[in-house]
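Down below is the structure, laid out as structure tokens.
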Amino acid sequence: MSGNARAAMSPDMYRLCALPGAMKRRRLAVIGIGNPIMGDDGAGPEVIRWLGRCAPLPGVDLIDAGSASLELLYTLEKYPAALIVDCVDF
């Protein structure tokens with residue numbers, strides 16, 4: 001991932017380490033998708049690594065799905081809510 005992309009996402013990421021108390025009662029999957037070998041396409045896995053360095057968040061599972069495809073559906077069906085982090089370059 002380029003240095004600029006990392007710098008652009010880091011300041012706002014701090015807020016994710018202090019989710020509201022209501023979040024503790026739910027299960028949430030934060031899923032990072034992407035291929036770090038392809039440069040900025042590795043944004044999803046980078047976010048998962050970054051969050052993994054924070055204090056654990058109750059009820060939140062961090063999943064580095066890499067370049068997942070249809071097998072991601074089996075993971076999604078286990079959670080009532082999911083936040084999918086991916087990157088696209090047009």
Side-chain angles (χ1 to χ4, degrees):
M1 178 187 293
S2 73
N4 291 339
R6 182 174 294 138
M9 90 177 149
S10 293
D12 292 330
M13 294 301 293
Y14 286 105
R15 296 181 190 159
L16 289 176
C17 291
L19 292 174
M23 202 59 218
K24 295 178 182 176
R25 294 188 296 271
R26 298 187 177 129
R27 285 189 65 212
L28 170 70
V30 179
I31 303 170
I33 299 174
N35 182 351
I37 295 172
M38 299 301 289
D40 287 347
D41 187 45
E46 179 68 20
V47 168
I48 298 302
R49 279 191 295 280
W50 193 93
L51 289 173
R53 293 190 299 259
C54 295
L57 301 170
V60 177
D61 293 334
L62 304 176
I63 302 167
D64 180 348
S67 298
S69 59
L70 291 177
E71 65 266 9
L72 184 58
L73 294 175
Y74 297 110
T75 300
L76 286 171
E77 72 181 358
K78 298 175 188 175
Y79 293 90
L83 172 65
I84 298 174
V85 182
D86 197 359
C87 182
V88 63
D89 183 14
F90 289 103

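- The closest side-chain heavy-atom distance from Val85 to Ile48 is not below 4.5 Å.
- Transitive grouping of hydrophobic side chains (ILVMFWY, heavy atoms separated by less than 4.5 Å) brings Val47 and Leu83 into a common cluster.
- Taking CG of Leu72 as the start and CD of Glu77 as the end, the distance is 10.5 Å to the nearest 0.5 Å.
- The two residues Lys78 and Arg27 have their closest heavy-atom pair at O-NH1, 3.6 Å.
- Val30 and Tyr79 sit in two unconnected hydrophobic clusters of ILVMFWY residues. Membership requires side-chain heavy atoms under 4.5 Å apart, directly or through other members.
- For Pro58 against Pro56, the heavy-atom pair with the smallest separation is CD-O, 3.6 Å.
- To the nearest 0.5 Å, the span separating CD1 on Ile63 from CG on Leu76 amounts to 8.0 Å.
- With a 4.5 Å cut-off on side-chain heavy atoms, Pro36 and Glu46 do not count as touching.
- In the hydrophobic clustering of this structure, Ile33 does not group with Leu51; members are Ile, Leu, Val, Met, Phe, Trp, Tyr whose side-chain heavy atoms approach within less than 4.5 Å, directly or through other members.
- Put simply, Leu28 and Leu62 are part of the same group of oily side chains (I, L, V, M, F, W, Y) that touch within less than 4.5 Å, one to the next.
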